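In what follows, a single structure is set out as structure tokens and then discussed.
Computed over heavy atoms, backbone and side chain alike; hydrogens, waters and symmetry mates excluded. Everything numeric in this text was worked out from a predicted model, so none of it was measured.
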Amino acid sequence: TGVIVNKGLTPLTNAMITWSFKDTVRTSTLWTGYLDQGETDTLTIGTVQLTYGNVNMVKIWVSYPNASTDENTKNDTVMYTVFGCYGPLSGNYTIGGVNANFATIEEANDPMLNCGIVGPVTFFLNNGTYNENLVFDMQIPGASILNPVTFTSTSGIAANVVIGGNQKKEATALTIQNVSHLKFINLTIGLNSEYTGAAVELIGMCENILFKGCTIQTNVQGNSATYCGVKYYSTNGATDYLKNVRFIGNHVDGGYYNF
């Protein structure tokens with residue numbers, strides 16, 4: 001469905017509605033009716049079959065208002081994405097390597113964030129270096145203290161799984177912003193190079209976060225506060241703060257500061 005709004009100065013009596021799904025243009029629809037300035041109407045333009053496990057792009061645009069040329073084309077188009085969900089996640093999943101459920105951590109995050117979870121979820125990362133800087137800045141639907149999301153190495157050895165991107169210098173390998181109920185166990189987070197500034201940065205209100213048995217690293221030659229193992233900033237009286245954030249048995253290495 002779509003909503004058409006008359007942004008013009010004169011009544012709108014007809015317009016052509018065109019849309020595309022995954023870059024394929026679909027059949028146009030001629031809308032007819034009567035809308036004064038600012039009035040709206042809702043119409044159904046078609047149905048689609050989502051590609052599961054992927055983002056699906058939808059684009060809708062209006063043309064030929066009152067069978068004439070649109071004098072303002074800046075407000076005639078809307079685009080949005082729809083993620084195809086098999087259902088919410090629950091249980092164990094693998095990341096990386098042959099026959100894994102997901103090729104990358106980012107690929108695993110898409111269904112988790114878009115479809116939610118209905119039980120504890122554990123992502124087992126197979127051995128390798130994941131050339132990704134991770135950002136968690138959306139609450140995970142369904143996550144709770146009883147239903148956390150865990151990222152851990154399949155081998156149980158932190159050195160076997162390294163997370164950190166090499167596309168940008170002094171980048172943050174793992175950012176957690178206003179997100180709760182995450183666990184990171186037996187992983188190496190950050191690179192011992194100029195590409196990692198802060199290995200881990202916590203921002204805003206984060207609750208029930210665990211780092212256990214991890215190597216948290218940044219550039220051992222870092223000579224400024226940009227390079228640190230774990231970073232968090234807050235002020236007295238702030239309403240956003242860390243709660244039940246635990247670091248247990250980790251090795252923090254490199255940087256101008258550890259914490």
Side-chain angles (χ1 to χ4, degrees), residues 95-97 102-109 113 123-138 140 148-238 240-259:
I95 300 175
F102 304 100
T104 65
I105 304 171
E106 183 177 355
E107 184 180 298
N109 285 344
L113 294 173
F123 292 108
F124 288 93
L125 278 72
N126 292 321
N127 292 355
T129 297
Y130 293 79
N131 188 12
E132 307 176 61
N133 290 321
L134 305 180
V135 178
F136 294 89
D137 58 2
M138 295 174 55
I140 302 165
V149 174
T150 302
F151 293 87
T152 185
S153 58
T154 302
S155 66
I157 300 172
N160 289 346
V161 174
V162 180
I163 300 170
N166 62 6
Q167 298 87 9
K168 180 182 177 182
K169 294 181 180 180
E170 299 180 355
T172 300
L174 172 61
T175 302
I176 303 174
Q177 181 173 2
N178 297 317
V179 177
S180 301
H181 315 303
L182 288 171
K183 297 182 180 182
F184 301 90
I185 300 174
N186 296 328
L187 303 169
T188 296
I189 303 171
L191 305 176
N192 178 9
S193 76
E194 61 186 350
Y195 290 103
T196 295
V200 176
E201 182 170 9
L202 301 159
I203 302 172
M205 183 71 182
C206 302
E207 182 178 358
N208 192 31
I209 308 292
L210 171 66
F211 293 87
K212 183 177 181 181
C214 292
T215 295
I216 300 172
Q217 66 177 2
T218 181
N219 190 356
V220 294
Q221 297 180 348
N223 57 6
S224 72
T226 299
Y227 297 97
C228 60
V230 180
K231 179 180 180 181
Y232 180 74
Y233 175 79
S234 187
T235 58
N236 290 334
D240 293 335
Y241 51 87
L242 302 184
K243 182 178 180 181
N244 192 30
V245 175
R246 295 168 293 160
F247 290 83
I248 302 175
N250 302 286
H251 177 72
V252 184
D253 189 29
Y256 191 75
Y257 294 112
N258 282 146
F259 282 75

From T129 atom OG1 to L191 atom CG, the distance as rounded to the nearest 0.5 Å: 8.0 Å
Smallest separation among heavy atoms of G190 and Q217, with atom names: O-NE2, 3.0 Å
Side-chain donor-acceptor contact under 3.5 Å, S180 with N208: no
Inter-residue atom distance I189.CD1 - C214.SG, 0.5 Å rounding: 4.5 Å
All salt bridge (Lys or Arg N to Asp or Glu O under 4.0 Å) counterparts of K169, not counting sequence neighbours: E194
Expected output: side-chain T218 to main-chain T196 donor-acceptor under 3.5 Å: yes
Heavy-atom pair with the smallest gap, counting every atom of A158 and G213: CB-O, 3.6 Å
Heavy atoms of other groups near Y256 OH, more than 12 under 6.0 Å: no
Validation row: M205, Y241 side chains within 4.5 angstrom (heavy atoms): yes
Minimum heavy-atom distance M138-L113, with the two atoms named: O-CD2, 3.7 Å
Derivation of the side chain to side chain contact (heavy atoms under 4.5 Å, CB included) call for T150 and I185: CA-CA 7 Å; T150 302; I185 300 174; 4.0 Å; yes
Pairwise side-chain contact, N109 with F102, heavy-atom cut-off 4.5 Å (strictly under): no
Distance-only donor-acceptor check, side chains N219 and E170, under 3.5 Å: no
Non-hydrogen atoms of I105 and E132 that approach each other most closely: N-OE2, 3.0 Å
Contact check, side chains of I163 and L174, non-hydrogen atoms, under 4.5 Å: no
Validation row: T154, N127 side chains within 4.5 angstrom (heavy atoms): no
Side-chain (Y130) to main-chain (I95) donor-acceptor, under 3.5 angstrom: yes
Donor-acceptor pair, side chain of T104 and main chain of E107, under 3.5 angstrom: yes
Side-chain donor-acceptor pair present, N160, S155, cut-off under 3.5 Å: yes
Flag, side chain of N244 to backbone of E207, donor-acceptor distance under 3.5 Å: no
ring-ring contact (aromatic ring centres under 6.0 Å, His included) partners for F211, two or more places apart: F184, F247
N133 side chain to G165 backbone, donor-acceptor under 3.5 Å: yes
Rounded distance (nearest 0.5 Å) linking atom CG of D253 with atom OG1 of T188: 10.5 Å
Backbone of V220 reached by a side-chain donor or acceptor of N192 within 3.5 Å: yes
Result of checking L187, T152, N186 against V161 for side-chain contact (heavy atoms from CB on, under 4.5 Å): L187
Those residues that, when tested against F124, pass ring-ring contact (aromatic ring centres under 6.0 Å, His included) (two or more places apart): none
Least distance between heavy atoms, A108 atom then F123 atom: CB-CE2, 3.8 Å
Over all atoms of both residues, closest heavy-atom pair of A225 and C228: O-SG, 4.2 Å
Interatomic spacing from CD1 in I248 to CG in L210 - rounded to 0.5 Å: 5.5 Å
Chi angles and distances behind the side chain to side chain contact (heavy atoms under 4.5 Å, CB included) call for F151, L182: CA-CA 8 Å; F151 293 87; L182 288 171; 4.3 Å; yes
N131 (side chain) donor-acceptor with N166 (main chain) under 3.5 angstrom: yes
Side chain proximity check, I216 to F259, heavy atoms < 4.5 angstrom: no
